[in-house]
Amino acid sequence: MLAKPDSGRLRSGPEWTDEYKLDGYRACMQVAPDGTTALTSRNGIVVTDGFPSLAGVLAPGLDGRAAVLDGEIVVYNEAGQIDFGALQERRGQYRRHSRITRGGTPFEGADARFLAFDRLRLGAESLLDAP
């Protein structure tokens, strides 16, 4: 999940594309057949509780299939642009709120979105080797 310099090895042509750098948190979303959702950071830290609005959001489109997706958690500002500062502020407010309420309703704050880049698994099928 961590971007690295390509040293001039990137392929080009109409069948290839690049992932854009977005100002968000890189994450892996795992969705169970029942819609239960887990989010993990690129370091393997479970961040699901920090983004309760993302739980189950993709389940309706998966029709009961499990999935693993690579993507980025972002927050849009009022101008419709991805805003890393707003995401950081939301995270800080969530942390303060969760300490104060000790397990109460999670802070929703700015609406978080998950932008998927890649499907890594769909149902029982691994897509790691698929183009």
Side-chain angles (χ1 to χ4, degrees):
M1 292 176 135
L2 186 60
K4 298 177 185 174
D6 76 333
S7 303
R9 296 176 297 190
L10 284 180
R11 298 178 183 170
S12 62
E15 69 276 10
W16 295 95
T17 187
D18 299 313
E19 290 180 6
Y20 293 98
K21 168 62 180 116
L22 301 173
D23 284 335
Y25 299 149
R26 192 71 181 255
C28 182
M29 180 182 275
Q30 299 171 52
V31 184
D34 68 356
T36 303
T37 303
L39 292 163
T40 54
S41 73
R42 65 180 172 88
N43 295 322
I45 299 168
V46 177
V47 296
T48 310
D49 289 346
F51 302 97
S53 63
L54 297 177
V57 72
L58 294 180
L62 293 170
D63 295 323
R65 293 177 291 178
V68 178
L69 301 119
D70 177 22
E72 194 135 349
I73 300 169
V74 301
V75 168
Y76 287 90
N77 62 23
E78 293 171 0
Q81 300 166 323
I82 293 173
D83 188 333
F84 188 70
L87 181 62
Q88 289 286 78
E89 182 179 327
R90 182 192 183 285
R91 180 178 181 217
Q93 289 173 342
Y94 172 76
R95 284 184 169 180
R96 283 191 299 279
H97 177 82
S98 64
R99 278 198 307 266
I100 293 167
T101 62
R102 297 179 188 221
T105 305
F107 172 77
E108 292 291 336
D111 192 26
R113 305 289 174 105
F114 182 79
L115 304 179
F117 299 140
D118 295 311
R119 289 178 295 170
L120 306 177
R121 178 171 292 282
L122 186 59
E125 180 183 5
S126 172
L127 303 171
L128 293 176
D129 294 325

Quiz item: Could you state the interatomic distance from CZ (Arg65) to CZ (Arg121), rounded to the nearest 0.5 Å?
Solution: 13.5 Å
Practice problem: Give the minimum heavy-atom separation between Leu62 and Ala67, together with the two atoms involved. | Solution: CD1-CB, 3.8 Å
Exercise. Flag yes if more than 12 heavy atoms outside Glu15 fall under 6.0 Å of its CD atom; otherwise flag no.
Key: yes
Quiz prompt | Over all atoms of both residues, closest heavy-atom pair of Leu87 and Gly24 | solution = CD2-CA, 3.6 Å
Quiz prompt | Separation between OH of Tyr25 and CZ of Phe114, rounded to the nearest 0.5 Å | solution = 15.0 Å
Practice problem: Please assess Ile45 against Thr40 for the test side-chain contact (heavy atoms from CB on, under 4.5 Å), listing each intermediate value before the final yes or no. | Solution: CA-CA 5 Å; Ile45 299 168; Thr40 54; over 6 Å; no
Quiz prompt | Side-chain (Ser41) to main-chain (Ala27) donor-acceptor, under 3.5 angstrom | solution = no
Quiz item: Taking all atoms of both residues into account, what is the closest heavy-atom pair of Ser53 and Asp111, and its distance?
Solution: OG-OD1, 4.0 Å
Quiz item: To the nearest 0.5 Å, how far apart are CG in Leu54 and CE in Met29?
Solution: 5.0 Å
Quiz prompt | Polar contact flag, side-chain donor to acceptor under 3.5 angstrom, Thr36-Asp34 | solution = yes
Quiz item: For Leu39, does its backbone N or O pair with a side-chain atom of Thr48 as donor and acceptor, under 3.5 Å?
Solution: yes
Self-check item: Nearest-0.5 Å distance that lies between atom CG in Leu120 and atom CG in Leu69
Solution: 7.0 Å
Exercise. Output the distance between atom CG (Asp23) and atom CG (Asp83), rounded to the nearest 0.5 Å.
Key: 8.5 Å
Quiz prompt | For the student: nearest non-hydrogen atoms of Ala59 and Gly35, plus distance | solution = CB-CA, 3.6 Å
Quiz item: Quick one: CD1 on Ile82 to OH on Tyr76, what's the gap to the nearest 0.5 Å?
Solution: 4.0 Å
Quiz item: With distance as the sole test, does Gln30 use its side chain to make a donor-acceptor pair with the main-chain N or O of Val68 at under 3.5 Å?
Solution: no
Exercise. Inspect the contact between Arg119 and Asp70 and indicate whether a charged nitrogen and a carboxylate oxygen are less than 4.0 angstrom apart.
Key: no
Quiz prompt | Heavy-atom closest pair, residues Phe117 and Gly71 | solution = CD1-CA, 3.7 Å
